[in-house]
Every structure is written in structure tokens, then in C-alpha cells.
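As C-alpha cells, the structure follows; a few thoughts come after it.
Lettering of chains follows the sequences in order, A, B, ..., and the numbering in each one begins at 1. Scope of the values below: all heavy atoms of this structure, side chains included, with no hydrogens, waters or symmetry mates.
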Amino acid sequence: MPELPEVEVVKKSLLSKIIKLKVKKVKVKNVNLRYKIDKKSINSLKNKKIISIKRISKYLLINFSNDITLISHLGMTGRFYIEEKKKILKSSFYYNNLTKLRKHDHVVFIFNNRLKIIYNDIRKFGFLMIAKTSKLKNYTSFIKLGPDPLKNKFNFKYFKEKSINKKIKIKDLLMNQSFVSGLGNIYVNEILFKSKINPYFLASNLKDVDIKKIVKYTKNILLKAIKHGGSSIKDFHSFDGAKGHYQEKFYVYGKTGLQCSSKDCKALISKVVISQRATFYCPNCQK
DNA sequence: TTCTTTGTTCCGGA
DNA sequence: GTCCGGAACAAAGA
């Protein structure tokens, strides 16, 4: 389930492989993702060069020449993978052969050096969309996003001001993308565990010291996850098929009934549901 | 067949 | 008008 660290890892992989390449062809096998793919607009990528690749929250932005940007959100199970040329094939065969596609491959981008990038999405909750680079700031999904948790703007002062009147559970606040953008269920569970705060605790009741801990561990955990290539649970693999390894560092996510990892704590990790999301915590450490 | 999974949006009540 | 909780939605696998 791609959250900020996973999207950042995908961004870095894409940067290392396709920056400055030119699109030779786009093949759309299935238009029915979260939002229907507009074939005409996605075909406008043909002969355009990749200028830069960025991440906003959990969105991936691939900027092409001629003011075109491909916006992508991986949803639950979206991923990009790479297929490099293995042997010399007749180009007509190479560019048209779709028989080798795997199940749930939906879109194939073929570049001028014959490299292929394939978008695969089992649940089809992700999407690909074309926008004008110069108009990205007007894109409605971006307008309401809160600060990126890794940026300086996400700090104690911001958190305090925004949470002081929020009579909602701290877990719900961290999950709210207009408060801070990029966190998802997995990392919020982990952040609250490290901060020793109960997920049900009301945001307005947090003490300064609690807020400082949350801000610190948010950045800390995300950076560590990025360093480990993200978390490969369910369907996330990085670009070249390699898995991320941060899931091996989880303290509470998916650890129901296992002993808490804190020193000298014998409590078992609880699983409850908050806002229809699985929530894991240590009832002893997170009071 | 039913349940689980996630981010986002919408609706109703306070 | 604002805030908050809950439900709905997308699709597929176990």
C-alpha cells in the first residue's frame, strides 16, 4: 500500500531510469482505472521528453516537454515496473507485441531507447492523468493538501495551531491529508507507537511534548522507510521487482497478539478499528 | 459468499 | 457555516 515513502522510492527509481528519455509509444490495454484514461490525451505524450519527476504527497508527477505532466496516484496496488530490452527484435514486433503482458498490466510506455515502463494495478484504485504543467497549481486535489511531513513547514508550531481545536482522535488527524499530506494507515500506526500516544487520544488534548514527539518521529520513520526502499506488504515492489524492507522494522502494524517490542514491556499488541481502518497499538506503552 | 484492504468524497447530525 | 463521524465507492483475492 503505497504511502509517502513508497511513492518516493518509485520516484527515485523512475528518475534513475527514464529522466531525459523520449516517449516513442504509449499502449493502453485497459482504460478503466480509478478514473477512465483519456486515450487521446495520454497519446499526446508521444515524442515528448521527460524533463523532471516529482512527488506531491502520494502523487507522482512526471513532467514532459511541451507543458505536459503525467499525474499518477498508485491507489492501493498500483506499481510501475521496468522491462529492459533483452534481445534484438524487429522493432515493429517489439512495439506492438502486447501478448507478454502480465495480468493487471494496464498501460505500457515505450521509450526511444526501447526501455518499457509498465503500469500494473490489481485493484485499479490508482490512476494516470494528463495535465498542463503550468496549471498544476489549480489541480483540485493539490489545493487542499496540507504540508509534506518531511518539509520544514510541518513543525511544532504548525501542528499546535492546527490541532488545538480539533476534537478528533489523533489517528484521524494524522490520516487527514489536508492536515499533513502523505501519511497512510501503516505509518500513522508506527508513528503513534514510537511517540507513545494512544490512537484514540483527542488531538486538542495533546501536550506540547507529545506534539514534538509526533513531529520528530513522523520525519524519522518516513526517512528510515525511504532508506530501506519502502515497505513491501501486499503488492508493493519497487521498480526493478526488488522488495522494500521497511516492513521488517514494523513495531505494531500487523503485529496483533505479539509481544510489544519495547524494553521490559510484556503487553501484547491490540488491534481495533478506528474510522474503518485497522489500528494497532500497545495498550501499555500508548496510554 | 463474505470479508478485507485504502484514499477520497459525500452526507447527515450536532 | 463549521466540525465531526460514518458510510459509500472503486476491484480483486482469500
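One atom, CG of A/L174, and another, P of B/dT6, lie 16 Å apart when rounded to the nearest Å. Atom CG in A/L4 sits roughly 17 Å away from atom P in B/dT6 (whole-Å rounding). Distance CG (A/N189) to P (B/dT5): 11 Å, rounded to an integer number of Å. Atom pair A/L33:CG and B/dT8:C1' shows a separation of 16 Å (rounding to whole Å applied). The CD-C1' distance, from A/E3 to B/dT8, rounds to 15 Å in whole Å. In this structure, A/F280 atom CZ and B/dT6 atom P are separated by 8 Å, rounded to whole Å. The CG-P distance, from A/N176 to B/dT9, rounds to 11 Å in whole Å.
Nucleic acid contact class of A/K162 (heavy atoms, under 4.0 Å, all strands): none. Residue contacts shown for A/N165 are limited to sugar-phosphate atoms, with no base heavy atom under 4.0 Å away. If you check every strand for non-hydrogen atoms under 4.0 Å, A/F127 touches nothing. Within the nucleic acid shown, A/Q276 comes within 4.0 Å of at least one base atom, counting heavy atoms only.
Contact check, A/Y253 against B/dT5: no side-chain N or O comes under 4.0 Å of OP1 or OP2. Contact check, A/H73 against B/dT8: a side-chain N or O comes under 4.0 Å of OP1 or OP2.
With A/Y59 as reference, A/L145 is the one residue of A/L145, A/L74, A/L136 to meet the side-chain contact (heavy atoms from CB on, under 4.5 Å) rule.
The aromatic rings of A/F127 and A/H73 lie parallel to each other, their planes meeting at an angle below 30°, with 60° marking the opposite boundary.
Comment: A/K194 does not engage A/E190 in a salt bridge, judged by the lack of any side-chain N to carboxylate O separation of less than 4.0 angstrom. Here A/D172 does not pair with A/K166 in a salt bridge; the nearest charged N to carboxylate O distance is not below 4.0 Å. Between A/K29 and A/D105 no salt bridge is recorded (no basic side-chain N to carboxylate O distance below 4.0 Å).
Chain A approaches DNA chain C within less than 4.0 angstrom (heavy atoms of the protein), and the contacting nucleotides run 5' to 3' from C/dC4 to C/dG13.
Taking the six-membered ring for Trp, A/F179 and A/F159 have ring centres closer than 6.0 Å.
A/I269 places a side-chain heavy atom less than 4.5 Å from the side chain of A/C260.
Residue A/K144 places its side chain closer to B/dT9 than to any other of B/dT6, B/dT8, B/dT9.
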